[in-house]
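So the structure is just underneath, and the comments pick up after that.
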Amino acid sequence: MRILNCNTSSSLLTLPSPSPPSHKKPSILQTINKKHNLSTITWTKKALINVLSGVLSFNLLLSSPSSFALESPSVQSSSPASPLTESCLEADEVEAVAQSESGVVSNEGIVEEAWQIVNDSFLDTGRRRWTPQNWQQKREDILSSSIQSRSKAHDIIRRMLASLGDPYTRFLSSAEFSKMARYDMSGIGINLREVPDNNGVVKLKVLGIILDGPAHSAGVRQGDEVLSVNGVDVRGKSAFEVSSLLQGPNETFVTIEVKHGNCGPTQSIEVQRQLVARTPVFYRLEQIDNGNTSVGYIRLKEFNALARKDLVTAMKRLQDMGASYFILDLRDNLGGLVQAGIEIAKLFLNEGKTITYTVGRDPQHQNTIVADSGPLVTAPVIVLVNNKTASASEIVASALHDNCRAVLVGEKTFGKGLIQSVFELHDGSGVVVTIGKYVTPNHRDINGNGIDPDYQNLPAWNDVAQHLSQCSMNQQG
(Lines give C-alpha, C1' and ligand atoms only; values in the text may rest on other atoms or scores of the structure.)
Protein backbone atom coordinates (compact mmCIF):
# COMPACT_ATOMS: atom_id res chain seq x y z
CA MET A 1 0.00 0.00 0.00
CA ARG A 2 1.58 3.28 -1.07
CA ILE A 3 1.29 6.39 1.03
CA LEU A 4 2.30 9.60 -0.65
CA ASN A 5 4.39 11.95 1.40
CA CYS A 6 3.38 15.35 0.17
CA ASN A 7 6.31 17.72 0.30
CA THR A 8 5.48 21.38 0.25
CA SER A 9 7.06 24.55 1.40
CA SER A 10 3.88 26.18 2.66
CA SER A 11 3.61 26.46 6.42
CA LEU A 12 0.72 25.06 8.40
CA LEU A 13 0.40 28.34 10.20
CA THR A 14 -0.91 29.97 7.04
CA LEU A 15 -3.70 27.44 6.50
CA PRO A 16 -2.42 26.15 3.14
CA SER A 17 -5.13 25.64 0.58
CA PRO A 18 -5.70 22.06 -0.49
CA SER A 19 -5.63 21.08 -4.13
CA PRO A 20 -8.87 21.71 -6.03
CA PRO A 21 -11.43 18.96 -5.51
CA SER A 22 -12.16 16.61 -8.36
CA HIS A 23 -15.87 16.45 -7.54
CA LYS A 24 -18.24 19.34 -7.57
CA LYS A 25 -20.98 17.79 -5.45
CA PRO A 26 -20.81 15.97 -2.14
CA SER A 27 -20.38 12.31 -2.74
CA ILE A 28 -20.57 9.52 -0.32
CA LEU A 29 -20.89 5.98 -1.13
CA GLN A 30 -21.45 3.03 0.66
CA THR A 31 -22.86 0.01 -0.78
CA ILE A 32 -23.68 -1.59 -3.99
CA ASN A 33 -26.75 -3.73 -3.69
CA LYS A 34 -27.69 -6.37 -6.20
CA LYS A 35 -31.18 -7.51 -7.08
CA HIS A 36 -31.88 -10.65 -9.06
CA ASN A 37 -34.97 -11.61 -11.06
CA LEU A 38 -37.43 -8.82 -10.55
CA SER A 39 -40.38 -10.86 -11.75
CA THR A 40 -39.88 -13.77 -9.35
CA ILE A 41 -38.18 -12.43 -6.26
CA THR A 42 -39.81 -9.72 -4.18
CA TRP A 43 -37.83 -6.95 -2.54
CA THR A 44 -37.65 -7.14 1.20
CA LYS A 45 -36.06 -4.75 3.65
CA LYS A 46 -32.89 -3.07 2.53
CA ALA A 47 -30.28 -2.87 5.23
CA LEU A 48 -27.55 -0.32 5.26
CA ILE A 49 -24.39 -2.15 4.68
CA ASN A 50 -21.50 -0.15 5.98
CA VAL A 51 -19.96 1.55 3.99
CA LEU A 52 -20.53 4.53 4.03
CA SER A 53 -20.63 6.63 0.35
CA GLY A 54 -21.75 6.76 -3.24
CA VAL A 55 -22.92 9.92 -4.50
CA LEU A 56 -23.55 11.18 -1.23
CA SER A 57 -23.02 9.39 1.84
CA PHE A 58 -23.48 5.77 2.21
CA ASN A 59 -23.90 4.80 5.62
CA LEU A 60 -22.79 1.57 6.69
CA LEU A 61 -23.31 2.59 10.07
CA LEU A 62 -26.42 0.97 10.80
CA SER A 63 -26.28 -2.58 11.67
CA SER A 64 -22.66 -3.38 11.16
CA PRO A 65 -19.62 -1.56 9.90
CA SER A 66 -18.91 -2.19 6.33
CA SER A 67 -21.96 -3.25 4.64
CA PHE A 68 -25.35 -2.03 3.78
CA ALA A 69 -26.96 -4.72 1.83
CA LEU A 70 -30.01 -6.36 0.60
CA GLU A 71 -31.81 -8.78 2.84
CA SER A 72 -31.90 -12.24 1.35
CA PRO A 73 -34.98 -12.51 -0.85
CA SER A 74 -37.53 -15.13 0.04
CA VAL A 75 -38.83 -17.84 -2.24
CA GLN A 76 -41.89 -19.75 -1.10
CA SER A 77 -41.83 -23.51 -1.34
CA SER A 78 -44.86 -25.29 -2.71
CA SER A 79 -44.74 -28.00 -0.07
CA PRO A 80 -44.47 -27.83 3.73
CA ALA A 81 -40.99 -28.09 5.18
CA SER A 82 -39.23 -27.75 8.46
CA PRO A 83 -37.71 -24.32 9.32
CA LEU A 84 -34.25 -25.67 8.50
CA THR A 85 -35.39 -27.03 5.16
CA GLU A 86 -37.13 -23.78 4.34
CA SER A 87 -34.01 -21.73 5.03
CA CYS A 88 -31.94 -24.08 2.88
CA LEU A 89 -34.40 -23.88 0.03
CA GLU A 90 -34.55 -20.13 0.33
CA ALA A 91 -30.86 -19.60 -0.35
CA ASP A 92 -30.54 -22.40 -2.90
CA GLU A 93 -33.60 -21.45 -4.92
CA VAL A 94 -32.62 -17.80 -5.06
CA GLU A 95 -29.23 -18.78 -6.45
CA ALA A 96 -30.80 -21.18 -8.93
CA VAL A 97 -33.11 -18.44 -10.15
CA ALA A 98 -30.23 -16.00 -10.48
CA GLN A 99 -28.11 -18.45 -12.45
CA SER A 100 -30.97 -19.43 -14.75
CA GLU A 101 -31.72 -15.89 -15.81
CA SER A 102 -31.11 -14.94 -19.38
CA GLY A 103 -29.81 -11.59 -18.28
CA VAL A 104 -32.51 -9.79 -20.26
CA VAL A 105 -35.06 -7.64 -18.49
CA SER A 106 -37.80 -5.59 -20.09
CA ASN A 107 -37.84 -1.80 -20.20
CA GLU A 108 -40.89 -1.84 -17.96
CA GLY A 109 -39.05 -4.19 -15.59
CA ILE A 110 -36.12 -1.80 -15.20
CA VAL A 111 -38.46 1.09 -14.38
CA GLU A 112 -40.40 -1.02 -11.91
CA GLU A 113 -37.16 -2.18 -10.31
CA ALA A 114 -36.11 1.43 -9.65
CA TRP A 115 -39.63 2.27 -8.44
CA GLN A 116 -39.55 -0.62 -5.96
CA ILE A 117 -36.21 0.43 -4.48
CA VAL A 118 -37.58 3.89 -3.73
CA ASN A 119 -40.80 2.41 -2.39
CA ASP A 120 -38.88 0.22 0.07
CA SER A 121 -36.05 2.53 1.12
CA PHE A 122 -36.53 6.23 0.41
CA LEU A 123 -36.57 8.65 3.36
CA ASP A 124 -38.20 12.00 2.59
CA THR A 125 -36.13 14.52 4.52
CA GLY A 126 -37.48 17.59 2.71
CA ARG A 127 -41.00 17.53 4.21
CA ARG A 128 -42.50 17.11 0.78
CA ARG A 129 -45.00 14.65 2.23
CA TRP A 130 -43.99 11.69 0.14
CA THR A 131 -46.49 8.91 0.72
CA PRO A 132 -46.69 5.28 -0.41
CA GLN A 133 -50.10 6.07 -1.88
CA ASN A 134 -48.77 8.84 -4.13
CA TRP A 135 -45.82 6.69 -5.14
CA GLN A 136 -48.11 3.79 -6.00
CA GLN A 137 -50.18 6.07 -8.21
CA LYS A 138 -47.01 7.18 -10.00
CA ARG A 139 -46.17 3.55 -10.74
CA GLU A 140 -49.58 2.94 -12.24
CA ASP A 141 -49.33 6.07 -14.37
CA ILE A 142 -45.85 5.22 -15.65
CA LEU A 143 -46.55 1.58 -16.45
CA SER A 144 -49.94 2.14 -18.02
CA SER A 145 -48.34 2.04 -21.47
CA SER A 146 -45.41 0.16 -22.99
CA ILE A 147 -41.89 1.62 -22.94
CA GLN A 148 -40.32 1.26 -26.38
CA SER A 149 -36.58 1.63 -25.65
CA ARG A 150 -34.03 1.33 -22.87
CA SER A 151 -33.04 4.99 -23.18
CA LYS A 152 -36.70 5.91 -22.76
CA ALA A 153 -36.87 3.72 -19.64
CA HIS A 154 -33.82 5.49 -18.21
CA ASP A 155 -35.37 8.89 -18.94
CA ILE A 156 -38.54 7.82 -17.13
CA ILE A 157 -36.49 6.74 -14.11
CA ARG A 158 -34.68 10.11 -14.10
CA ARG A 159 -37.98 12.02 -14.13
CA MET A 160 -39.49 9.67 -11.54
CA LEU A 161 -36.60 10.25 -9.13
CA ALA A 162 -36.55 14.01 -9.82
CA SER A 163 -40.21 14.19 -8.77
CA LEU A 164 -39.14 13.26 -5.24
CA GLY A 165 -37.53 16.69 -4.86
CA ASP A 166 -34.42 15.18 -3.28
CA PRO A 167 -31.23 16.50 -4.95
CA TYR A 168 -29.26 13.43 -3.87
CA THR A 169 -31.59 10.70 -5.13
CA ARG A 170 -30.70 10.14 -8.77
CA PHE A 171 -30.12 7.75 -11.65
CA LEU A 172 -26.69 6.41 -12.64
CA SER A 173 -25.84 5.30 -16.14
CA SER A 174 -23.85 2.08 -16.52
CA ALA A 175 -20.66 4.14 -16.97
CA GLU A 176 -21.39 6.22 -13.86
CA PHE A 177 -22.23 3.14 -11.84
CA SER A 178 -18.95 1.43 -12.78
CA LYS A 179 -17.01 4.34 -11.29
CA MET A 180 -18.42 3.42 -7.89
CA ALA A 181 -15.91 0.56 -7.76
CA ARG A 182 -13.44 2.78 -5.95
CA TYR A 183 -15.69 2.49 -2.91
CA ASP A 184 -15.48 -1.31 -2.89
CA MET A 185 -14.32 -2.00 0.66
CA SER A 186 -13.09 -5.52 -0.07
CA GLY A 187 -11.11 -5.04 -3.27
CA ILE A 188 -12.78 -8.13 -4.75
CA GLY A 189 -16.24 -6.76 -5.47
CA ILE A 190 -18.37 -7.93 -2.55
CA ASN A 191 -20.20 -6.36 0.37
CA LEU A 192 -20.38 -8.25 3.65
CA ARG A 193 -23.03 -8.04 6.32
CA GLU A 194 -23.34 -9.57 9.77
CA VAL A 195 -26.52 -11.67 9.77
CA PRO A 196 -27.77 -13.54 12.88
CA ASP A 197 -29.26 -16.99 12.33
CA ASN A 198 -32.25 -18.45 14.17
CA ASN A 199 -30.03 -19.29 17.15
CA GLY A 200 -28.57 -15.80 17.38
CA VAL A 201 -25.19 -16.84 15.96
CA VAL A 202 -23.82 -14.06 13.75
CA LYS A 203 -22.65 -15.10 10.31
CA LEU A 204 -20.83 -13.04 7.68
CA LYS A 205 -22.86 -13.19 4.48
CA VAL A 206 -22.17 -11.89 0.99
CA LEU A 207 -25.10 -9.52 0.55
CA GLY A 208 -24.11 -7.46 -2.46
CA ILE A 209 -21.78 -8.63 -5.22
CA ILE A 210 -20.59 -6.98 -8.42
CA LEU A 211 -21.55 -9.15 -11.36
CA ASP A 212 -18.47 -10.21 -13.31
CA GLY A 213 -16.31 -8.69 -10.58
CA PRO A 214 -13.32 -10.62 -9.17
CA ALA A 215 -15.25 -12.57 -6.52
CA HIS A 216 -18.23 -13.36 -8.76
CA SER A 217 -15.97 -14.52 -11.59
CA ALA A 218 -14.08 -16.81 -9.19
CA GLY A 219 -17.28 -18.48 -7.97
CA VAL A 220 -18.49 -16.48 -4.96
CA ARG A 221 -22.25 -16.01 -4.95
CA GLN A 222 -24.87 -13.82 -3.29
CA GLY A 223 -25.80 -15.30 0.09
CA ASP A 224 -22.53 -17.20 0.62
CA GLU A 225 -21.20 -17.28 4.17
CA VAL A 226 -17.53 -16.30 4.53
CA LEU A 227 -15.71 -18.69 6.87
CA SER A 228 -12.03 -17.77 6.52
CA VAL A 229 -9.62 -15.44 4.71
CA ASN A 230 -6.15 -16.76 3.88
CA GLY A 231 -6.63 -19.49 6.45
CA VAL A 232 -7.72 -17.11 9.22
CA ASP A 233 -11.05 -18.05 10.80
CA VAL A 234 -13.25 -14.94 10.55
CA ARG A 235 -16.20 -16.14 12.61
CA GLY A 236 -16.85 -13.58 15.31
CA LYS A 237 -15.18 -10.76 13.39
CA SER A 238 -17.04 -7.69 12.10
CA ALA A 239 -17.79 -7.16 8.43
CA PHE A 240 -15.40 -4.21 8.39
CA GLU A 241 -12.57 -6.27 9.89
CA VAL A 242 -13.02 -9.00 7.31
CA SER A 243 -13.23 -6.48 4.47
CA SER A 244 -9.87 -5.17 5.67
CA LEU A 245 -8.43 -8.71 5.64
CA LEU A 246 -9.57 -9.10 2.05
CA GLN A 247 -7.71 -5.99 0.96
CA GLY A 248 -4.20 -6.13 -0.44
CA PRO A 249 -1.99 -4.95 -3.32
CA ASN A 250 -3.64 -4.82 -6.71
CA GLU A 251 -3.57 -8.04 -8.77
CA THR A 252 -2.43 -10.16 -5.82
CA PHE A 253 -4.50 -13.13 -4.71
CA VAL A 254 -6.56 -13.81 -1.59
CA THR A 255 -8.02 -17.19 -0.66
CA ILE A 256 -11.44 -17.22 0.95
CA GLU A 257 -13.44 -20.16 2.23
CA VAL A 258 -17.17 -19.82 1.71
CA LYS A 259 -20.25 -21.89 2.42
CA HIS A 260 -22.72 -21.76 -0.45
CA GLY A 261 -26.25 -21.05 0.76
CA ASN A 262 -27.44 -22.15 4.18
CA CYS A 263 -26.93 -25.86 3.60
CA GLY A 264 -24.57 -26.00 0.66
CA PRO A 265 -20.98 -27.23 0.49
CA THR A 266 -17.94 -25.24 1.59
CA GLN A 267 -15.41 -24.21 -1.02
CA SER A 268 -11.97 -22.61 -0.95
CA ILE A 269 -11.77 -19.96 -3.67
CA GLU A 270 -8.75 -17.98 -4.85
CA VAL A 271 -9.68 -14.46 -5.96
CA GLN A 272 -7.45 -11.92 -7.66
CA ARG A 273 -7.77 -8.44 -6.19
CA GLN A 274 -8.67 -5.58 -8.52
CA LEU A 275 -8.35 -2.27 -6.73
CA VAL A 276 -9.64 0.90 -8.29
CA ALA A 277 -9.18 3.22 -5.33
CA ARG A 278 -6.08 5.37 -4.97
CA THR A 279 -4.67 6.51 -1.67
CA PRO A 280 -6.49 9.62 -0.43
CA VAL A 281 -3.89 10.30 2.29
CA PHE A 282 -1.00 12.78 2.11
CA TYR A 283 1.09 13.64 5.15
CA ARG A 284 4.19 15.39 6.41
CA LEU A 285 5.90 16.36 9.67
CA GLU A 286 6.34 20.06 10.44
CA GLN A 287 8.48 21.73 13.09
CA ILE A 288 7.22 24.75 15.02
CA ASP A 289 8.48 26.74 18.01
CA ASN A 290 11.98 26.89 16.56
CA GLY A 291 12.02 23.15 16.03
CA ASN A 292 10.99 22.29 19.59
CA THR A 293 7.54 20.95 18.65
CA SER A 294 6.63 18.46 15.92
CA VAL A 295 3.20 18.53 14.26
CA GLY A 296 1.89 15.75 12.09
CA TYR A 297 -0.11 17.15 9.17
CA ILE A 298 -2.48 14.74 7.37
CA ARG A 299 -4.57 15.64 4.36
CA LEU A 300 -7.50 13.31 3.64
CA LYS A 301 -8.99 13.89 0.19
CA GLU A 302 -11.93 11.45 0.37
CA PHE A 303 -13.27 8.49 2.30
CA ASN A 304 -12.67 5.61 -0.08
CA ALA A 305 -11.80 1.95 0.52
CA LEU A 306 -8.17 2.79 1.36
CA ALA A 307 -8.81 5.76 3.66
CA ARG A 308 -8.65 4.10 7.07
CA LYS A 309 -5.76 1.76 6.33
CA ASP A 310 -3.63 4.50 4.78
CA LEU A 311 -4.51 6.97 7.53
CA VAL A 312 -3.42 4.48 10.19
CA THR A 313 -0.09 4.05 8.41
CA ALA A 314 0.39 7.82 8.21
CA MET A 315 -0.46 8.37 11.88
CA LYS A 316 1.91 5.64 13.06
CA ARG A 317 4.76 6.95 10.93
CA LEU A 318 4.21 10.50 12.15
CA GLN A 319 4.18 9.29 15.76
CA ASP A 320 7.42 7.41 15.16
CA MET A 321 8.87 10.63 13.73
CA GLY A 322 8.01 12.43 16.98
CA ALA A 323 4.69 14.16 16.29
CA SER A 324 3.16 15.50 19.50
CA TYR A 325 0.18 17.22 17.85
CA PHE A 326 -1.90 16.44 14.77
CA ILE A 327 -3.69 18.44 12.09
CA LEU A 328 -6.33 16.58 10.08
CA ASP A 329 -7.16 18.52 6.92
CA LEU A 330 -10.71 17.79 5.71
CA ARG A 331 -11.10 20.88 3.53
CA ASP A 332 -12.71 20.16 0.18
CA ASN A 333 -13.35 16.59 1.30
CA LEU A 334 -16.88 15.98 0.05
CA GLY A 335 -17.26 12.62 1.72
CA GLY A 336 -17.23 9.05 0.47
CA LEU A 337 -17.85 5.87 2.43
CA VAL A 338 -19.64 6.73 5.62
CA GLN A 339 -18.34 3.58 7.27
CA ALA A 340 -14.80 4.65 6.47
CA GLY A 341 -15.57 7.93 8.22
CA ILE A 342 -16.87 6.08 11.26
CA GLU A 343 -13.84 3.84 11.45
CA ILE A 344 -11.52 6.84 11.14
CA ALA A 345 -13.34 8.68 13.93
CA LYS A 346 -12.74 5.64 16.15
CA LEU A 347 -8.99 6.15 15.78
CA PHE A 348 -9.26 9.28 17.93
CA LEU A 349 -12.00 8.41 20.45
CA ASN A 350 -12.16 6.52 23.72
CA GLU A 351 -14.15 3.31 23.79
CA GLY A 352 -17.87 3.89 24.28
CA LYS A 353 -17.90 7.44 22.95
CA THR A 354 -20.70 8.29 20.53
CA ILE A 355 -19.68 8.91 16.92
CA THR A 356 -23.08 9.67 15.39
CA TYR A 357 -26.77 8.84 15.51
CA THR A 358 -28.62 7.57 12.46
CA VAL A 359 -32.30 7.90 11.60
CA GLY A 360 -34.17 6.13 8.81
CA ARG A 361 -37.63 5.12 7.67
CA ASP A 362 -37.00 1.59 8.83
CA PRO A 363 -36.50 1.20 12.61
CA GLN A 364 -33.36 -0.85 11.91
CA HIS A 365 -31.83 2.29 10.44
CA GLN A 366 -32.17 4.13 13.76
CA ASN A 367 -29.02 3.52 15.66
CA THR A 368 -26.31 4.91 17.90
CA ILE A 369 -22.79 4.37 16.59
CA VAL A 370 -20.09 4.25 19.26
CA ALA A 371 -16.34 3.64 19.37
CA ASP A 372 -15.64 0.01 20.23
CA SER A 373 -11.95 0.29 21.06
CA GLY A 374 -9.37 2.70 22.42
CA PRO A 375 -7.81 5.51 20.33
CA LEU A 376 -4.71 5.18 18.18
CA VAL A 377 -3.60 8.68 19.21
CA THR A 378 -4.45 10.80 22.24
CA ALA A 379 -2.59 13.98 21.28
CA PRO A 380 -4.57 17.21 20.71
CA VAL A 381 -5.98 17.55 17.20
CA ILE A 382 -6.92 20.42 14.92
CA VAL A 383 -9.40 19.61 12.14
CA LEU A 384 -9.32 22.00 9.18
CA VAL A 385 -12.74 22.52 7.57
CA ASN A 386 -14.35 24.73 4.95
CA ASN A 387 -17.61 25.08 3.04
CA LYS A 388 -16.76 21.98 0.98
CA THR A 389 -16.26 19.74 4.00
CA ALA A 390 -19.31 17.50 3.68
CA SER A 391 -21.03 14.29 4.68
CA ALA A 392 -18.59 11.67 6.00
CA SER A 393 -16.14 14.51 6.68
CA GLU A 394 -18.77 16.17 8.85
CA ILE A 395 -19.30 12.92 10.74
CA VAL A 396 -15.60 12.80 11.61
CA ALA A 397 -15.34 16.52 12.39
CA SER A 398 -18.41 16.54 14.64
CA ALA A 399 -17.44 13.29 16.40
CA LEU A 400 -14.01 14.62 17.33
CA HIS A 401 -15.38 18.05 18.20
CA ASP A 402 -18.34 16.95 20.33
CA ASN A 403 -16.17 14.46 22.24
CA CYS A 404 -13.59 17.16 23.06
CA ARG A 405 -10.86 15.53 20.98
CA ALA A 406 -10.36 18.28 18.43
CA VAL A 407 -11.03 21.93 17.67
CA LEU A 408 -12.41 22.93 14.27
CA VAL A 409 -10.59 25.63 12.35
CA GLY A 410 -11.61 27.39 9.15
CA GLU A 411 -15.10 27.93 7.72
CA LYS A 412 -18.60 26.59 8.36
CA THR A 413 -18.99 23.15 6.79
CA PHE A 414 -21.26 22.27 3.87
CA GLY A 415 -24.16 20.78 5.83
CA LYS A 416 -24.96 17.41 4.31
CA GLY A 417 -26.33 15.04 6.90
CA LEU A 418 -28.13 12.58 4.64
CA ILE A 419 -27.31 8.95 3.97
CA GLN A 420 -27.54 7.46 0.50
CA SER A 421 -27.25 3.91 -0.70
CA VAL A 422 -26.36 2.85 -4.24
CA PHE A 423 -28.38 0.08 -5.88
CA GLU A 424 -27.46 -1.65 -9.12
CA LEU A 425 -30.30 -2.24 -11.57
CA HIS A 426 -30.58 -5.34 -13.68
CA ASP A 427 -29.09 -3.75 -16.80
CA GLY A 428 -25.93 -2.44 -15.12
CA SER A 429 -27.25 1.05 -14.45
CA GLY A 430 -28.08 2.14 -10.91
CA VAL A 431 -29.92 4.46 -8.59
CA VAL A 432 -28.73 6.43 -5.59
CA VAL A 433 -31.43 6.77 -2.95
CA THR A 434 -31.57 8.75 0.29
CA ILE A 435 -32.33 6.22 2.99
CA GLY A 436 -31.50 8.04 6.22
CA LYS A 437 -29.86 10.93 8.01
CA TYR A 438 -27.40 11.36 10.82
CA VAL A 439 -27.04 13.80 13.71
CA THR A 440 -23.99 14.67 15.80
CA PRO A 441 -23.14 13.29 19.26
CA ASN A 442 -24.52 16.57 20.68
CA HIS A 443 -27.78 15.92 18.77
CA ARG A 444 -27.28 18.64 16.18
CA ASP A 445 -28.88 18.16 12.77
CA ILE A 446 -26.11 18.80 10.26
CA ASN A 447 -28.22 18.68 7.12
CA GLY A 448 -28.74 22.17 5.74
CA ASN A 449 -27.04 23.67 8.78
CA GLY A 450 -23.38 22.70 8.69
CA ILE A 451 -20.97 22.93 11.62
CA ASP A 452 -19.46 26.18 12.85
CA PRO A 453 -15.70 26.18 13.50
CA ASP A 454 -14.20 27.07 16.86
CA TYR A 455 -11.60 29.31 15.21
CA GLN A 456 -11.26 30.95 11.82
CA ASN A 457 -7.46 30.98 11.99
CA LEU A 458 -5.02 28.52 13.47
CA PRO A 459 -4.77 29.01 17.25
CA ALA A 460 -1.68 28.39 19.36
CA TRP A 461 -1.39 24.81 20.56
CA ASN A 462 -1.58 25.99 24.16
CA ASP A 463 -4.98 27.50 23.35
CA VAL A 464 -6.05 24.24 21.71
CA ALA A 465 -5.09 22.23 24.79
CA GLN A 466 -6.90 24.67 27.07
CA HIS A 467 -10.02 24.63 24.87
CA LEU A 468 -10.19 20.83 24.88
CA SER A 469 -9.58 20.66 28.62
CA GLN A 470 -12.40 23.11 29.29
CA CYS A 471 -14.67 21.16 26.96
CA SER A 472 -14.01 17.93 28.88
CA MET A 473 -14.68 19.59 32.21
CA ASN A 474 -17.98 21.01 30.93
CA GLN A 475 -19.09 17.55 29.80
CA GLN A 476 -18.22 16.05 33.15
CA GLY A 477 -20.43 18.62 34.82
Side-chain angles (χ1 to χ4, degrees), residues 30-49 54-59 62-63 68-76 94 97-98 105-147 150 152-172 177 191 193 207-208 222 358-366 418-437:
Q30 174 200 50
T31 111
I32 299 174
N33 295 325
K34 189 71 188 170
K35 175 177 182 284
H36 292 291
N37 201 316
L38 176 67
S39 61
T40 348
I41 302 174
T42 59
W43 279 84
T44 55
K45 297 188 282 184
K46 312 296 186 299
L48 298 183
I49 149 176
V55 166
L56 290 75
S57 173
F58 286 101
N59 185 324
L62 298 177
S63 37
F68 277 51
L70 217 53
E71 293 287 346
S72 298
S74 61
V75 175
Q76 294 185 353
V94 167
V97 169
V105 63
S106 68
N107 298 323
E108 291 80 8
I110 287 294
V111 173
E112 187 168 10
E113 187 176 10
W115 178 91
Q116 189 68 52
I117 291 171
V118 173
N119 188 64
D120 291 347
S121 306
F122 177 67
L123 176 68
D124 182 7
T125 60
R127 299 177 183 176
R128 295 176 181 85
R129 298 182 181 179
W130 177 91
T131 65
Q133 294 77 17
N134 292 341
W135 194 242
Q136 179 65 37
Q137 183 61 52
K138 183 171 288 293
R139 175 186 178 277
E140 294 173 4
D141 293 342
I142 290 173
L143 299 177
S144 60
S145 58
S146 64
I147 302 172
R150 189 50 53 92
K152 179 68 172 176
H154 289 172
D155 287 341
I156 290 174
I157 294 173
R158 289 187 180 94
R159 292 196 298 270
M160 182 174 68
L161 298 181
S163 72
L164 296 170
D166 177 9
Y168 302 119
T169 295
R170 67 185 185 94
F171 173 79
L172 297 175
F177 184 85
N191 282 316
R193 185 169 176 237
L207 294 178
Q222 178 90 344
T358 64
V359 178
R361 221 173 86 194
D362 192 315
Q364 73 172 352
H365 297 165
Q366 301 177 18
L418 302 180
I419 300 163
Q420 281 72 39
S421 190
V422 175
F423 299 84
E424 183 174 8
L425 301 180
H426 208 83
D427 65 351
S429 61
V431 291
V432 179
V433 179
T434 295
I435 57 172
K437 62 185 289 187

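- Here the straight-line distance linking atom CD1 of Ile435 with atom CD1 of Ile117 works out to 11.5 Å at 0.5 Å rounding.
- Closest heavy-atom contact between Ala114 and Val431: CB-CG1, 4.1 Å.
- The two residues Lys138 and Ser163 make their nearest non-hydrogen contact at CE-OG, 3.3 Å.
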Between Val111 and Glu108, does a side chain to side chain contact (heavy atoms under 4.5 Å, CB included) hold up when you go through it step by step?
CA-CA 5 Å; Val111 173; Glu108 291 80 8; 5.8 Å; no
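- Ring geometry for Phe122 versus Trp130: interplanar angle over 60°, hence perpendicular rather than tilted (30 to 60°).
- Interatomic distance, Trp115 CH2 to Leu161 CG, rounded to the nearest 0.5 Å: 13.0 Å.
- In this structure, Ile147 and Ala153 approach most closely via the heavy-atom pair CG2-N, 3.7 Å.
- Atom OG of Ser429 is separated from atom CZ of Arg158 by 8.5 Å, given to the nearest 0.5 angstrom.
- The structure places CG of Leu164 at 6.0 Å from OG1 of Thr169, a figure rounded to the nearest 0.5 Å.
- Using a 4.5 Å cut-off on side-chain heavy atoms (C-beta onward), Ile142 and Arg139 make no contact.
- Of all the heavy atoms in Ile110 and His154, the pair that sits closest is CG2-CD2, 4.4 Å.
- Between the CG atom of Asn119 and the CD atom of Gln116 there is a distance of 5.0 Å, given to the nearest 0.5 Å.
- Contact check on Asp155 versus Lys152 returns no salt bridge, with no Lys/Arg side-chain nitrogen under 4.0 Å from an Asp/Glu carboxylate oxygen.
- Taken to the nearest 0.5 Å, the CG atom of Asp166 stands 6.5 Å off from the CD atom of Gln420.
- Side-chain contact check for Met160 versus Trp135: some heavy-atom pair is nearer than 4.5 Å.
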Please test Thr131 against Gln137 for side chain to side chain contact (heavy atoms under 4.5 Å, CB included), starting from the C-alpha separation and ending with a verdict.
CA-CA 10 Å; Thr131 65; Gln137 183 61 52; over 6 Å; no
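- The shortest non-hydrogen separation linking Phe171 to Ile157 is CD1-CG2, 3.7 Å.
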